[in-house]
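Letters A, B, ... are given to chains in the order of the sequence lines, protein chains preceding strands, and every chain is numbered from 1. Worth knowing before you read on, the calculation uses all heavy atoms, side chains too, and leaves out hydrogens, waters and symmetry mates.
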Protein chains: 2
Amino acid sequence: MPKSGSAPTINDVARIAGVSKKTVSRVINRSPLLKEATLQKVQKVIAELGYTPNPQARALALRRNFLLGLLHDNPNAQTVLNFQEGVLDAIRDTEFALVVRPVDRHSPDMLEDIRSFLELQRLYGVLLLPPISENDELAKLCRDMGCGYVRMGSAALDEAEHLVQSNDREMVESVIDYLVEIGHRRIGIIEGPSGFRSADERRVGFMAAMKRHGLEVPEGASAQGSYRFNSGIEAATRLLAGEPKITAIFASNDEMAAGAYHAARERGLKVPEQLSIVGFDNSPIAAHIWPPMTTVGWPIREMAKSAALKLIDPGSEGALPSTFPARLVTRDSVAPPTEGS
Amino acid sequence: MPKSGSAPTINDVARIAGVSKKTVSRVINRSPLLKEATLQKVQKVIAELGYTPNPQARALALRRNFLLGLLHDNPNAQTVLNFQEGVLDAIRDTEFALVVRPVDRHSPDMLEDIRSFLELQRLYGVLLLPPISENDELAKLCRDMGCGYVRMGSAALDEAEHLVQSNDREMVESVIDYLVEIGHRRIGIIEGPSGFRSADERRVGFMAAMKRHGLEVPEGASAQGSYRFNSGIEAATRLLAGEPKITAIFASNDEMAAGAYHAARERGLKVPEQLSIVGFDNSPIAAHIWPPMTTVGWPIREMAKSAALKLIDPGSEGALPSTFPARLVTRDSVAPPTEGS
DNA sequence: TTGTAGGCGTTATCAA
DNA sequence: TTGATAACGCCTACAA
């Protein structure tokens, strides 16, 4: 009988069930070569004892930990946290746990740091959040080290088994369609920083839609930001100073869009009457700012869950989808352009 | 010589250094009973080989993982993420890793869930964020299971070795002092939800300061919210409907304070000219809302670092402080009350 | 289909 | 001060 005070081990199960350790091991690992009767018998004992395999021992024997890593260098706290929740949805009631690791994408030895981290912790797999998910060298590193990985991104960065992707480009196109439909013609864009795939995708979607509608994007109707709030203020200030006046701004993320609100207010422009603003991300600020902001939201939590499942249970249904449709969250920052504006 | 392709083990080090495994183990664990010469010799080999002890093997032998857990049920993403960063500051360049575990404080089997989590993962220690850090049963569970723990809170919830605490009460008092100093007399409060220690502390600080200044808090000048944005709108709406009119609102957190902005706007009140608002937390929304919000910020990252050090290196200097002073972040949501208002 | 022997990389015990 | 030997709890290879 198991020593009281400590958790039962595989030996306890084996002894009580009257089989060998290895047989119990087979039950745990769902070996197909088990006689039904044996399986039942062992499972019964496992249930009675409340036995759970010791992850530390498995990790040692398998040279692989039952840990999923979350690598991120993301300025958006809510995104990261939503993602964590989604991963937890996937690993709930499993032996997996989630370890997080913020990284510094500007550090020259980021890759080396990650390498030694992976080597040390022997993670089962890692989840890569944008923008570092866009780093192909990092993906290669994971492959080389035999560490599973899934990248989250705004474009087809990798094969389906290593990717959960949103349709940023199309979404931005449909945002512009919407703005044009209600009457806007002179639409400006606050782009995200160069080097970010998401920023590229959103810009490309914007330009494509404008072109499709036969609309021009003059020099002064496009400005670049850093995805930070302050950069949004600056970019919008430049946009609003241009001629002819724009009637709407699409910002590549909500923080910059919030900055655009401030810039508009400073120029005495009312949102949405004199200036429509659309953001991207559906972060909390979009809901809390005044007037509440129309923005594009992606299903981060679902994407995270799917990403985690791709790692721990690739065959399962939840692991299948790789592309996740974003949706337009309509609030009050968009209105038809004012006559004569 | 170590087999190429895989990391060197303690056996490699022992063989090359010409000592036993155990001696190497002693070097790793800084045993004091080592001859200086042996120590040097082994350390040299360790350095040459770039040897790192395998955490999985240690975890098995020690029945304890080199993992810190972060348990939270926190509605504020930025707080959680800042805390994560602080923990990372502490464990950088150590063999520790951080595993996160959101929990549901409303679930009836929360404690049971956490128990099995701790049992399974054999965490080195856990960090408890408010509000679940206020749960004494949870702390007891950790003690009973021999799992280290540190609680973060707004009051003296535990002994210094298990606690990092902010001085919420005094900070709120000084906020009120400040408001009174610039002329406010009729000040309202949006309280946090009952059952939250932070909410209690902030309310108590508010009441104490008002009393000290000989000011009354009439029935209609106090309303309770849930710490959520919408509850802030509702609470502030009630507050602003009361008579005599209040000239300032202290909200127990920034989200509710942001809600108060909305309520003020709906009533046509300008912030800060006709209504001053002060929040608590210094979350991103405080900086991004218009006008930028005056609020109270706590040094979460430093608190987190100290909390983690209390777990992994209790003797170190950084592990000492248990009380961390919050500070007032002055922005533009406070002004003297308007004459005759 | 099941069992035996040995290994994963570390630490603990106890003797030398 | 050091070392041989046996855990720790699981898995793989190979044998039966």
Contacts under 3.5 angstrom, residues 307-323 of chain A side chains, donor-acceptor by atom type, not counting sequence neighbours:
residue   : atom : partner   : partner atom : Å
Lys310(A) : NZ   : Ala160(A) : O            : 2.9
Lys310(A) : NZ   : Ala319(A) : O            : 3.1
Lys310(A) : NZ   : Leu320(A) : O            : 3.4
Lys310(A) : NZ   : Ser322(A) : OG           : 2.7
Ser316(A) : OG   : Asp313(A) : O            : 2.9
Ser322(A) : OG   : Ala160(A) : O            : 3.0
Ser322(A) : OG   : Leu163(A) : O            : 3.2

Between CZ of Arg26(B) and P of dA4(D) the distance, given in whole Å, is 12 Å
Which is it for Ile114(A) and Leu71(A) under the side chain to side chain contact (heavy atoms under 4.5 Å, CB included) test, yes or no, and what are the steps along the way? CA-CA 9 Å; Ile114(A) 294 178; Leu71(A) 261 40; 3.8 Å; yes
The helix from dT1(C)-dA16(D) to dA16(C)-dT1(D): angle between end helix axes, five pairs per end, rounded to 10 degrees: 30°
Quick check: any donor-acceptor pair below 3.5 Å linking the side-chain of Arg63(A) to the base of dG7(C)? no
Looking only at dG3(D), dT11(C), dT10(C), the nucleotide nearest the Ser25(B) side chain is dT11(C)
Comparing Asn54(A) and Thr23(B) on DNA chain D - which has the more 5′ nearest nucleotide: Thr23(B)
Is a donor from one side chain sitting under 3.5 angstrom from an acceptor on the other, for Asn29(A) and Ser31(A)? no
Which nucleotide in the set dC11(D), dT11(C), dT2(C) lies at the smallest distance from any side-chain heavy atom of Leu62(B)? dT11(C)
Selected nucleotide, minimal atom distance to Leu33(A) side chain, candidates dT1(C), dT10(C), dT2(D): dT1(C)
Compare side-chain N and O positions of Arg58(A) against OP1 and OP2 of dC11(D) and report whether any pair is under 4.0 Å apart. yes
Pairs involving residues 82-101 of chain B, ordered by first then second residue, that meet side chain to side chain donor-acceptor pair (under 3.5 Å) (sequence neighbours left out): Gln84(A)-Gln84(B), Arg58(B)-Glu95(B), Gln78(B)-Asn82(B), Asp89(B)-Arg92(B), Asp89(B)-Arg301(B)
Closest to the side chain of Ala61(B), out of dC8(D), dC10(D), dT2(D), is dC8(D)
Rounded distance in Å - CG (Leu49(A)) to P (dG9(D)): 14 Å
If only side-chain N and O atoms of Thr38(A) are considered, is one of them under 4.0 Å from the OP1 or OP2 phosphate oxygen of dT1(C)? no
Asn65(A) has an atom CG; how far is it from atom P of dG9(D), in whole Å? 17 Å
Identify whether any heavy atom of Tyr51(B) sits under 4.0 Å from a base atom; if not, whether one sits that close to sugar-phosphate; answer base, sugar-phosphate or nothing. sugar-phosphate
Among dC10(D), dG3(D), dT12(D), which nucleotide has an atom closest to any side-chain atom of Val19(B)? dG3(D)
Distance test, side-chain N/O of Asn29(A) to OP1/OP2 of dC11(D), below 4.0 Å: yes
Of the listed nucleotides dC10(D), dT1(D), dC8(C), the one nearest the side chain of Pro53(A): dC10(D)
Show every ring pair (Phe, Tyr, Trp, His ring centres under 6.0 Å) that has at least one partner inside residues 301-322 of chain A, sequence neighbours left out. none
Could you state the CG-C1' distance from Leu34(B) to dT2(D), rounded to the nearest angstrom? 9 Å
Separation of Asp12(A) atom CG from dC8(D) atom P, in whole Å? 11 Å
Tell me which pairs pass ring pair (Phe, Tyr, Trp, His ring centres under 6.0 Å) where either residue lies in residues 98-120 of chain B, with sequence neighbours left out. none
Using whole Å, what does the distance between atom C1' of nucleotide dC8(D) and atom CZ of Arg122(B) come to? 9 Å
Does the distance from a Lys or Arg side-chain N to an Asp or Glu carboxylate O, for Arg143(A) and Asp136(A), drop under 4.0 Å? no
So, does the side chain of Lys35(B) form a donor-acceptor pair with the base of dT2(D) at under 3.5 Å? no
Go nucleotide by nucleotide along DNA chain D from the 5' end; which of Lys21(B) and Gln56(A) gets its closest nucleotide reached first? Lys21(B)
Is the side chain of Asn11(A) donor-acceptor paired with the backbone N or O of Lys21(A) at a distance under 3.5 Å, no angle test? no
Suppose we call a contact any N or O donor and acceptor under 3.5 Å apart; does that hold for the side chain of Lys22(B) and the base of dA12(C)? yes
Pairs involving residues 118-130 of chain A, ordered by first then second residue, that meet side chain to side chain donor-acceptor pair (under 3.5 Å) (sequence neighbours left out): none
Without decimals, in angstroms, what is the distance between Leu60(A) CG and dC11(D) C1'? 10 Å
In terms of side-chain heavy atoms of Thr9(B), which of dG9(D), dT10(C), dC14(C) is nearest? dT10(C)
Without decimals, in angstroms, what is the distance between Phe66(B) CZ and dT11(C) C1'? 10 Å
